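Contents: one structure, followed by commentary.
The structure displayed is predicted, hence computed values, not measured ones. Letters A, B, ... mirror the listed sequences (proteins, then strands); counts begin at 1.
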Amino acid sequence: MIDPQLIRNDLDNVAKQLAKRGFVLDTARLSELEAKRKSVQVETEALQAERNARSKSIGKAKASGEDIAPLLAEVADMGDRLKAGEARLAEIQTVLDEMLQGVPNIPHADVPEGRDEADNVEIRRWGEATTFDFEPKDHVDLGVTLGGMDFETGSKITGSRFTVMSGAIARLHRALTQFMLDLHTGDHGYTETYVPYMVNADSLYGTGNLPKFAEDLFKLEGEQEYYLIPTAEVPVTNIVRDVIIDADEMPRKFVCHTPCFRSEAGSYGKDTRGLIRQHQFEKVELVQVVKPQASDAALESLTNCAEQVLQRLGLPYRVVILCGGDIGFSSTKTYDLEVWLPGQQKYREISSCSNFGSFQARRMQARWRNPESKKPELVHTVNGSGLAVGRTLVAVMENYQDAEGRVHLPKVLHPYMGGVTVIE
RNA sequence: GGAGAGGUGGCUGAGUGGUCGAAAGCGGCGGUCUUGAAAACCGUUGAGGGUUUGUAGCCCUCCCAGGGUUCGAAUCCCUGCCUCUCCGCCA
């Protein structure tokens, strides 16, 4: 949620900044609701104050043995008036909250103008697009030929967009996960974290997945209203929900490997081939909870940590900054890492690193105690994939293939592969 | 799944209808003393929101959550959630 103070005091400017992402803020309706809220709230609270004062005097009168009947008569109708006022306030507040919850985050000044993916701006490249003296295969052809990547069985067991892996490929998938976790804990100072894979609605609300993006989620049957996590970002960030963090415990840096479950509603027909877009995939997620003034630097650092994975694996990639029209709902600034996929002859997203500012923190009341003001203040949250494991598997297979369809594993993975250096 | 106990401020814990946002202790912060520190002593110390130019003042809300009773609820009633103990089951 964006700062409601901004809505009150700087509405036109907020609307202008949101226009960068193609979002039209209904300023007329907002200021009308806000004016109404103000008058009803002031009125209701005055009524509450009166009720409190009168009740207190009744208490005193009773204690000193006076007759309280006349006092009681005076307040006879107060209850109803109060209830009416409170109900009206709650109603306006609900409408206002619903509206504000639908407002996306204000984009960072660095975010370029643009309507969609095509307008994202490349920031830098690492490595050269891999070239071959033969026609490179994509991971599906490689995987099926090698054995160990079985899409038919996945869809038999469950349905489309599910895969069974086995043998060396399954091991490679696990090796990549271990490698990423070891890198981020060992070299980058992140704390390994294990979290629930099912979360409640409050947690999803906190990160901004609810109420707006319910159709992207798998909701479980049963009384409890639980959802499968779409990313570790949800449970990990909610570690600090309703918490006031000591200044000397900042920043908090988490790395967490989880499966992710996404319904991919609205992406029918997109990336239907192979592992690129599955309902279930593994991801190693990086999350930082930082002081507000540190979040810009934290995004750069976290992005670099994710890039390190690609560099050590020797996978060519580029970094793009998302334009206003392509940036996510909760994010103020996002870098995507796009890895080179020879099978597609394209750079494809393998990580998305975002600074959320105080947007998530405000929704989940995640705060830190500022030693200067001595008051609890909202933290900033930053996160990104480090990396999506399935897509990394795809990238390794496609970039390290030879003419015979074998996959020569990068050196950093050898210790994790139990002596296997070539998948054949 | 069965039986019982309980959820109060950073922590322990008192409070069973009125002046209670809440005793006391611990912790934290500031001070006195000290070369410095400790001890001792004194003071101070919850969160959210509204109004307002205001980190001033005033006001509202919050004692797990949501309803209810009442002029008035931490305290009474209902529902839910969570925690603990014992038994059963289980990776």
Side-chain angles (χ1 to χ4, degrees), chain A residues 1-11 30-31 33-97 99-101 194-206 210 220 222-227 235 238-250 252 259 292 358 360-379:
Chain A
M1 193 151 85
I2 66 172
D3 188 349
Q5 293 296 340
L6 286 177
I7 295 284
R8 281 178 212 167
N9 303 329
D10 208 9
L11 187 56
L30 264 180
S31 31
L33 274 170
E34 173 51 28
K36 220 157 138 193
R37 186 232 97 221
K38 185 165 165 174
S39 70
V40 173
Q41 181 163 357
V42 168
E43 195 182 316
T44 304
E45 288 188 359
L47 220 56
Q48 286 173 323
E50 189 187 340
R51 187 263 329 264
N52 291 345
R54 290 188 185 238
S55 291
K56 229 169 230 187
S57 64
I58 290 174
K60 270 185 198 159
K62 204 177 168 187
S64 59
E66 293 171 36
D67 179 17
I68 59 167
L71 288 171
L72 284 178
E74 269 178 46
V75 295
D77 69 325
M78 276 214 72
D80 290 340
R81 283 163 59 206
L82 244 175
K83 243 172 220 173
E86 281 167 0
R88 215 146 52 92
L89 181 60
E91 207 177 291
I92 293 166
Q93 202 62 257
T94 304
V95 175
L96 202 53
D97 283 350
M99 234 183 130
L100 287 178
Q101 277 165 31
Y194 174 84
V195 293
Y197 301 159
M198 301 175 206
V199 293
N200 58 35
D202 284 346
S203 293
L204 287 158
Y205 172 82
L210 283 180
L220 299 172
E223 295 166 33
Q224 297 108 326
E225 301 262 317
Y226 290 163
Y227 297 79
N238 274 279
I239 288 172
V240 297
R241 167 152 57 92
D242 294 320
V243 172
I244 299 171
I245 305 168
D246 286 341
D248 54 15
E249 281 173 21
M250 308 271 276
R252 298 198 62 181
S358 58
Q360 293 182 325
R362 184 170 296 103
R363 292 168 84 100
M364 63 175 87
Q365 283 299 299
R367 293 166 294 165
W368 69 298
R369 195 168 296 277
N370 185 342
E372 280 169 34
S373 67
K374 302 200 167 147
K375 287 281 174 194
E377 295 174 10
L378 294 170
V379 299

If the condition is side chain to side chain contact (heavy atoms under 4.5 Å, CB included), which residues does A:Glu91 pass it with, not counting sequence neighbours? none
Round to a whole Å and report the spacing from CG of A:Asn200 to P of B:rA65. 16 Å
Quick one: does A:Asn9's side chain have a donor or acceptor within less than 3.5 Å of a partner on A:Gln5's backbone? yes
Heavy atoms under 4.0 Å is the rule here; annotate nucleotides 45-57 of chain B 5' to 3' with B where the base is hit, S where only the sugar-phosphate is, and - elsewhere. --SSBSSS-----
Scan every strand shown for a Watson-Crick or G-U wobble partner of B:rA5, both distances under 3.5 Å, and answer none if you come up empty. B:rU83
Under 3.5 Å, is there a donor-acceptor pair between the A:Asn200 and A:Ser203 side chains? yes
Let's test this: given Watson-Crick or G-U wobble pairing with both distances under 3.5 Å, identify the partner of B:rU69. none
Partners of A:Glu372 by salt bridge (charged side-chain N to carboxylate O under 4.0 Å, His left out), sequence neighbours excluded? none
Quick one: A:Met78 CE to B:rC60 P, roughly how many Å, whole number? 11 Å
Under 3.5 Å on both distances, the Watson-Crick or G-U partner of B:rA47: B:rU61
Spacing of the C1' atoms in B:rG50 and B:rA38 (rounded, Å): 47 Å
Just jot down the salt bridge (charged side-chain N to carboxylate O under 4.0 Å, His left out) partners of A:Glu50, sequence neighbours excluded, or say none. A:Arg54
A:Asp246 CG to B:rC11 C1', straight-line distance once rounded to whole Å: 13 Å
Complement of B:rG54, any strand, by Watson-Crick or G-U distances under 3.5 angstrom: none
Pair assignment for B:rA40, Watson-Crick or G-U wobble, requiring both distances under 3.5 Å: B:rU32
For nucleotides B:rG67 and B:rA14, find the distance between their C1' atoms and express it as a whole number of Å. 28 Å
Could you measure between the two P atoms, the one in B:rG21 and the one in B:rC63, and give it in whole Å? 12 Å
Separation of the P atoms in B:rU52 and B:rA47, to the nearest angstrom: 24 Å
Partners passing side chain to side chain contact (heavy atoms under 4.5 Å, CB included) against A:Ala366 (at least two apart in sequence or in another chain): A:Val240, A:Ala361, A:Met364, A:Val379
Sticking with atom C1', work out how far B:rG7 lies from B:rU75, rounded to a whole angstrom. 15 Å
Are the side chains of A:Tyr227 and A:Met198 in touch, meaning some heavy atoms are under 4.5 Å apart? no
If we take the C1' atom in both B:rC58 and B:rU8, what is their distance in whole Å? 28 Å
Does a side-chain N-to-carboxylate-O contact under 4.0 Å join A:Glu377 and A:Arg369? no
Min side-chain heavy-atom separation A:Ile58-A:Leu72 under 4.5 Å: yes
Could you tell me if the side chain of A:Pro292 sits less than 4.5 Å from the side chain of A:Trp368, heavy atoms only? yes
All N/O contacts under 3.5 Å from nucleotides 70-72 of chain B to the protein, with atom names and distances to one decimal?
| from | atom 1 | to | atom 2 | distance (Å) |
| --- | --- | --- | --- | --- |
| B:rC71 | O2' | A:Ser55 | OG | 3.0 |
| B:rG72 | O4' | A:Ser55 | OG | 3.1 |

Can you check the distance between B:rA22 and B:rG15, where both ends of the measurement are the C1' atom (answer in whole Å)? 8 Å
Does any nucleotide pair with B:rU75 by Watson-Crick or G-U wobble geometry, both distances under 3.5 Å, and what is it? none
Given the P atoms of B:rG27 and B:rU83, what is the spacing between them in whole Å? 31 Å
Rounded off to whole Å, could you give me the CD-to-C1' distance for the A:Glu372 and B:rC29 pair? 16 Å
Within the structure, does a side-chain N or O atom of A:Asn52 lie under 4.0 Å from either OP1 or OP2 of B:rU61? yes
Strictly by Watson-Crick or wobble contacts shorter than 3.5 Å, is anything paired with B:rG10, and which nucleotide is it? B:rC26
